[in-house]
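Below is one structure, written out as structure tokens; the observations come after it.
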Amino acid sequence: MTELSRDATRANDQVLTAEIRLEELHNQLGEAEERQHELGRAASEARDRIAELQEIVDKFTAANYRGVRVDPIYALLTSDSPQTLITQLSALEIISRDTGERIKDFESARATYETAERLARESAERFLQLTRDAQASTRRFKADSRCCKARSKKSKRFMRR
């Protein structure tokens, strides 16, 4: 009798522990889903920014390929007067600075995208593992619950005698 009572108490404790663990896993699963959505949005935004900046980089590359010169020596050789040289050098400085900033933006956007993609993959793997853990915990909980019910029925039958 006391052994059955201890078994029932032990089974009850196991069920309660499984319920708590299951609730924790469901909470973690919800957090992982939210993180997955955030990372997906970040990756999408980074992809869009890369596309915008890629156009600028492509135009600059095409201009260099066609032979458009953006160096001070070329400005010196082609200027008609000192004022024209100053104007051309100022314009070249602005163009060079702007192009440099765009390339840095492009590299930064690419790094952000790659990081977001990596984090999204890791989050997806974690999400999958949490899902598996929750499913396994649910199966254990159901098995423990069935076992506990069976022991309880057995105990009730024994008590009736």
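Being a predicted model, the structure only gives us computed values, none of them experimental. Excluded from the calculations below are hydrogen atoms, water molecules and symmetry mates; all remaining heavy atoms, backbone and side chain alike, are included.
- For residues 27-44, no residue pair satisfies the salt bridge (charged side-chain N to carboxylate O under 4.0 Å, His left out) rule, not counting sequence neighbours.
- Applying the salt bridge (charged side-chain N to carboxylate O under 4.0 Å, His left out) test to residues at least two apart or on different chains, the pairs with a partner in residues 46-62 are R47-E117, R49-E52, R49-D105.
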* Stepwise side-chain hydrogen bond (donor to acceptor under 3.5 Å, both in side chains) check, T84 with S81 -> CA-CA 5 Å; T84 306; S81 68; 3.0 Å; yes
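- For S44, there are no side-chain hydrogen bond (donor to acceptor under 3.5 Å, both in side chains) partners two or more places apart in sequence or in a different chain.
- Looking at residues two or more places apart in sequence or on another chain, you find no side-chain hydrogen bond (donor to acceptor under 3.5 Å, both in side chains) involving E23.
- Looking at every heavy atom in both residues, A109 comes nearest to A46 through O-CB, 4.0 Å.
- Contacts of R132 classified as side-chain hydrogen bond (donor to acceptor under 3.5 Å, both in side chains), with partners at least two apart in sequence or in another chain: none.
- By the side chain to side chain contact (heavy atoms under 4.5 Å, CB included) test, A91 is found to be paired with no residue, residues two or more places apart in sequence or in another chain being considered.
- E24 meets the side chain to side chain contact (heavy atoms under 4.5 Å, CB included) test with I20, R21; sequence neighbours excluded.
- A donor-acceptor pair under 3.5 Å is formed between the side chain of T87 and the backbone N or O of Q83.
- The salt bridge (charged side-chain N to carboxylate O under 4.0 Å, His left out) pairs that include a residue from residues 77-97 are E93-R97, where partners are two or more places apart or lie in different chains.
- When side chains are defined from C-beta on, E107 does not count as touching R110, because their heavy atoms never get closer than 4.5 Å.
- A heavy-atom distance below 4.5 Å is not found between the side chains of L128 and E125.
- Residues satisfying the side chain to side chain contact (heavy atoms under 4.5 Å, CB included) test with S108, not counting sequence neighbours, are T112.
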